[in-house]
Amino acid sequence: MGQNTSVLFVCLGNICRSPTAEAVFLAKAARAGLKLDVGSAGTHGYHIGKQPDKRSQAVGVERGYSFKGLKCRRVDDKDFEKYDYILAMDNSNLDNLREMSPPEHHEKIHLFLDFANSEDKEVPDPYYGGKRGFELVLDLIEEASDGLIAHIQQS
Ligand code: 4NP
């Protein structure tokens, strides 16, 4: 059930939220026995080729997640063909993705937190804030990852 599903996480810079989502979701999917194709990308290209932000890595590693091999890239046209789920961290990412995507792929694009139980609908950009913001990002991503795994298992 749900094997071979592909998921792309998208934020603005692809150095804080979406690589964190990739790392968390990969770990949780593996624990659930799912083999999925998981990636992340940014709508903008400020940091192409860079590793995830050190602050994201620090809070993620504290909770046992691995960021090895992750490298920043920008969303490209092939992503809209390739991925089954394209998940935006906030409404601005969602709007940008809808503008970039051919209309026939719009149905693949959702807010990631649509899969969480939380009242929050956006994963807030932590880039200009402190450690607490990065921990909140991780809390929201962990919850939405559990919801997305349950959704994929049922589909
Ligand atoms: P992200 O965070 O979208 O979660 O990767 C940001 C990273 C970089 C910038 C903004 C947000 N920036 O302005 O460079």
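Whatever order the structure lists them in is the order used to number ligands and atoms, beginning at 1.
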Side-chain donor-acceptor contacts of residues 19-28 below 3.5 Å, not counting sequence neighbours, with atom names and distances?
from, atom 1, to, atom 2, distance (Å)
Thr20, OG1, Cys16, O, 2.6
Glu22, OE1, Ser40, N, 3.3
Glu22, OE1, Ser40, OG, 2.7
Lys28, NZ, Asp146, OD1, 3.0

Distance-only criterion, 3.5 Å: show the donor-acceptor pairs between side-chain atoms of residues 131-139 and protein atoms not counting sequence neighbours.
from, atom 1, to, atom 2, distance (Å)
Lys131, NZ, Glu62, OE2, 3.2
Asp139, OD1, Arg63, NH1, 2.9
Asp139, OD1, Arg63, NH2, 2.9

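Residues in residues 50-91 take part in these ring pair (Phe, Tyr, Trp, His ring centres under 6.0 Å) pairs, two or more places apart or across chains: Tyr85-His151.
Contact of the Ile15 side chain with the Gln51 side chain is not registered, since no non-hydrogen atoms from C-beta on lie closer than 4.5 Å.
Without hydrogens or angle criteria, His110 side chain to Ala88 main chain gives no donor-acceptor distance under 3.5 Å.
Comment: Arg17 does not engage Asp53 in a salt bridge, judged by the lack of any side-chain N to carboxylate O separation of less than 4.0 angstrom.
Listed by chain and residue number, the protein contacts of ligand 1 are Cys11, Leu12, Gly13, Asn14, Ile15, Cys16, Arg17, Tyr46, His47, Asp125, Tyr127, Tyr128 (heavy atom within 4.0 angstrom).
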